[in-house]
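Worksheet for the structure shown next.
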Amino acid sequence: MAKADTRSDFLTTAAARGFVHQCTDLKALDTLLHAKAPVTGYIGFDCTADSLHVGSLVPIMLLRWFQKTGHKPVVLLGGGTSKVGDPSGKDESRQLLSEAKIAHNREGIRKVFEKFLTFGDGPTDAIFLDNAEWLDGLSYIAFLRDYGSHFSVNRMLSFDSVKLRLEREHPLSFLEFNYMILQAYDFLELRRRHDCRLQMGGSDQWGNIINGVELGRRVDGDELFGLTSPLITTSAGTKMGKTAKGSVWLDDDKLSPYDYWQFWRNTEDADVGTFLGLFTELPMAEIDRLKKLQGSELNDAKKILADAATTLCHGKEAADAAAETARQTFAGQTAAGLPTLAVPRAELEAGIPAFELFQRSGLAASNAEARRLIRGGGARINDEAPAEETTPIGVNDLDADGVIKLSAGKKRHALVRVS
């Protein structure tokens with residue numbers, strides 16, 4: 001989106017940092033946000049997992065900036081819509097979850113948001129809501145009668161979330177087709193219950209958001225607004241938040257702060273500037289300076305990105321510890337903060353093939369990948385290349401600290417200890 005001539009702190013900040021893609025009425029929304037009273041805005045998160053990963057960081061950071069610029073964020077947890085499943089961006093139906101699983105996931109997601117937002121009863125304090133509160137009690141016939149006439153099936157079929165699925169000839173259930181109606185109804189309820197005027201989300205949610213804006217206008221005569229952010233992929237074309245080892249979780253029980261720090265440190269050169277704007281709170285003047293760095297100096301920008309992003313998610317102490325672990329490791333020392341694989345002594349006494357150890361440590365996704373890594377010369381054991389992919393690794397390889405250091409390339413490391 002072209003740089004907007006905005007007056008409100010939120011839109012000016014969001015646009016400068018790369019968060020703004022589309023808006024239903026940018027000028028009117030800017031006027032509303034520029035007024036003195038805080039505006040309430042929301043983003044919905046379905047409870048499909050018990051945590052969130054880096055792929056959800058754009059909306060999380062958008063809510064954080066919304067609060068920091070004087071407004072009230074609502075985190076809408078989809079206890080109701082998770083029973084249906086959002087078809088956006090999917091070629092297959094989402095797995096239907098039990099109510100117990102949804103409740104478990106909901107609590108895990110809550111913990112993530114408490115890292116990034118301030119919750120409470122104040123005018124700009126964030127609040128958690130669950131759309132099961134109003135969706136679970138709907139009467140089907142009454143709901144159809146009151147709201148069904150406001151949705152055009154012709155138009156619903158034109159939205160990307162539906163159209164792309166049908167063009168690929170992948171089935172779309174009637175259950176999923178109802179999702180956009182329920183999301184639109186969420187906006188109506190949030191306006192009635194909490195005076196919520198703004199819905200935000202990724203660009204894949206544009207059609208769903210438009211439905212909510214129009215439903216509020218048709219049913220209650222309200223002026224509501226929608227704002228989307230671009231969907232972020234890396235310069236290599238991969239989906240944000242995914243690596244060869246799996247999802248980059250925001251919960252330190254699922255991914256260590258060290259691995260989180262390393263994810264950002266390993267950012268592709270072309271993505272550093274974009275990620276600094278979206279995933280840190282560094283001043284834009286400093287980001288502009290860092291974006292100009294070239295060659296080896298760009299590594300300094302990557303370390304700053306890793307430090308800032310890890311501090312936001314895990315705290316400064318964890319970020320400093322991760323950076324120090326990386327420094328020691330790259331300096332050739334054994335660092336205690338590295339991911340560690342515990343192996344029974346009996347296995348090490350018998351010897352474990354090198355490729356198997358790399359797979360079990362997580363440095364390779366499969367035995368085949370581990371074999372390729374060793375054959376290609378990218379594997380190191382205690383900083384030495386193994387002679388062969390089947391070379392047995394055992395107790396004689398333990399160093400003075402009682403560990404075996406595994407390395408995949410120059411940036412990924414793990415330790416093996418005796419359990």
Using only atom types and a distance under 3.5 Å, with no angle test, would you say the side chain of [X] pairs donor to acceptor with the backbone of [Y]?
X      : Y      : value
Thr325 : Ala321 : yes
Thr390 : Pro353 : no
Asp50  : Asn105 : no
Asp271 : Thr267 : no

Side-chain heavy atoms of [X] within contact of [Y], under 4.5 Å:
X      : Y      : value
Leu11  : Leu29  : yes
Arg17  : Met284 : yes
Leu348 : Val418 : yes
Phe358 : Leu373 : yes
Phe187 : Leu215 : no
Leu255 : Phe263 : no
Leu198 : Phe66  : yes
Asp251 : Lys111 : yes

For this session: Kindly write out the residues that satisfy salt bridge (charged side-chain N to carboxylate O under 4.0 Å, His left out) with Arg217, not counting sequence neighbours, or none if the list is empty.
Result: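 In terms of salt bridge (charged side-chain N to carboxylate O under 4.0 Å, His left out), with neighbours along the sequence ignored, Arg217 is linked to no residue.
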
Can you sort out the partners of [X] under side chain to side chain contact (heavy atoms under 4.5 Å, CB included), two or more places apart, ordered by chain and number?
X      : value
Glu133 : Arg193
Glu349 : Arg345, Val395
Glu107 : Arg110
Ala301 : Val272, Leu290, Leu293, Leu298

About how many Å separate [atom2] of [Y] and [atom1] of [X], when rounded to the nearest 0.5 Å?
X      : Y      : atom1 : atom2 : value
Arg265 : Tyr258 : CZ    : OH    : 10.0 Å
Ile102 : Leu77  : CD1   : CG    : 11.5 Å
Cys313 : Leu250 : SG    : CG    : 4.5 Å
Asp259 : Arg412 : CG    : CZ    : 9.0 Å
Asn178 : Phe151 : CG    : CZ    : 10.0 Å
Phe279 : Ile60  : CZ    : CD1   : 10.0 Å

Please check if any side-chain donor atom of [X] sits under 3.5 Å from a side-chain acceptor atom of [Y], or the reverse.
X      : Y      : result
Asp307 : Trp261 : yes
Tyr179 : Asp46  : yes
Gln205 : Gln199 : no
Asn131 : Asp186 : yes

For this session: Look at Glu297 together with Lys302 and state whether they make a salt bridge at an N to O cut-off of under 4.0 Å.
Result: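 Here Glu297 does not pair with Lys302 in a salt bridge, since their nearest N and O are not under 4.0 Å apart.
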
For this session: Indicate yes or no: does Lys405 engage Glu384 in a salt bridge with an N to O separation below 4.0 Å.
Result: no

Exercise. Can you check side chain to side chain contact (heavy atoms under 4.5 Å, CB included) on Met200 and Leu63, steps first, answer last?
Worked result: CA-CA 9 Å; Met200 296 172 282; Leu63 286 175; 3.9 Å; yes

Looking at every non-hydrogen atom in both residues, tell me the closest pair between [X] and [Y] and how far apart they are.
X      : Y      : result
Ile404 : Asp397 : CG1-O, 3.6 Å
Ile374 : Ala379 : CG1-CB, 3.7 Å
Leu276 : Ile287 : O-CD1, 3.4 Å
Pro257 : Ala318 : CB-CB, 4.0 Å
His194 : Ile127 : ND1-CD1, 4.0 Å
Leu182 : Leu135 : CD2-CD2, 4.1 Å

Problem set entry | Full working for side-chain hydrogen bond (donor to acceptor under 3.5 Å, both in side chains) between Ser407 and His413 | CA-CA 4 Å; Ser407 303; His413 308 273; 2.8 Å; yes

For this session: Mind running side chain to side chain contact (heavy atoms under 4.5 Å, CB included) on Val75 and Leu129 for me, showing each step along the way?
Result: CA-CA 6 Å; Val75 178; Leu129 295 173; over 6 Å; no

Which residues satisfy the side chain to side chain donor-acceptor pair (under 3.5 Å) test with [X], sequence neighbours excluded?
X      : result
Arg371 : Glu389
Arg106 : Asp130
Thr311 : none

For this session: Please check if the distance between the ring centroids of Phe113 and Phe119 is under 6.0 Å.
Result: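 Ring-ring flag for Phe113/Phe119: false, centres at least 6.0 Å apart.
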
Exercise. Would Trp249 and Tyr260 count as a close aromatic pair, with their ring centres under 6.0 Å?
Worked result: no

Taking distance alone, no hydrogens or angles, what donor-acceptor pairs closer than 3.5 Å link side-chain atoms of residues 222-233 to residues at least two apart or in another chain?
residue	atom	partner	partner atom	Å
Asp222	OD1	Arg191	NE	3.4
Asp222	OD1	Arg191	NH2	3.3
Asp222	OD2	Arg191	NE	3.2
Thr228	OG1	Gln22	N	3.2
Ser229	OG	Phe19	O	2.6

Problem set entry | Candidate pair Leu415 and Leu341, rule side chain to side chain contact (heavy atoms under 4.5 Å, CB included), full reasoning | CA-CA 6 Å; Leu415 301 180; Leu341 170 68; over 6 Å; no

May I have all residue pairs that pass side-chain hydrogen bond (donor to acceptor under 3.5 Å, both in side chains) and include part of [range], sequence neighbours excluded?
range            : value
residues 283-292 : Glu286-Arg289
residues 57-74   : Arg64-Glu281
residues 26-38   : Ser8-Asp30

Exercise. Would Leu190 and Tyr185 satisfy side chain to side chain contact (heavy atoms under 4.5 Å, CB included), going step by step from the backbone distance to the final call?
Worked result: CA-CA 9 Å; Leu190 287 170; Tyr185 184 71; over 6 Å; no

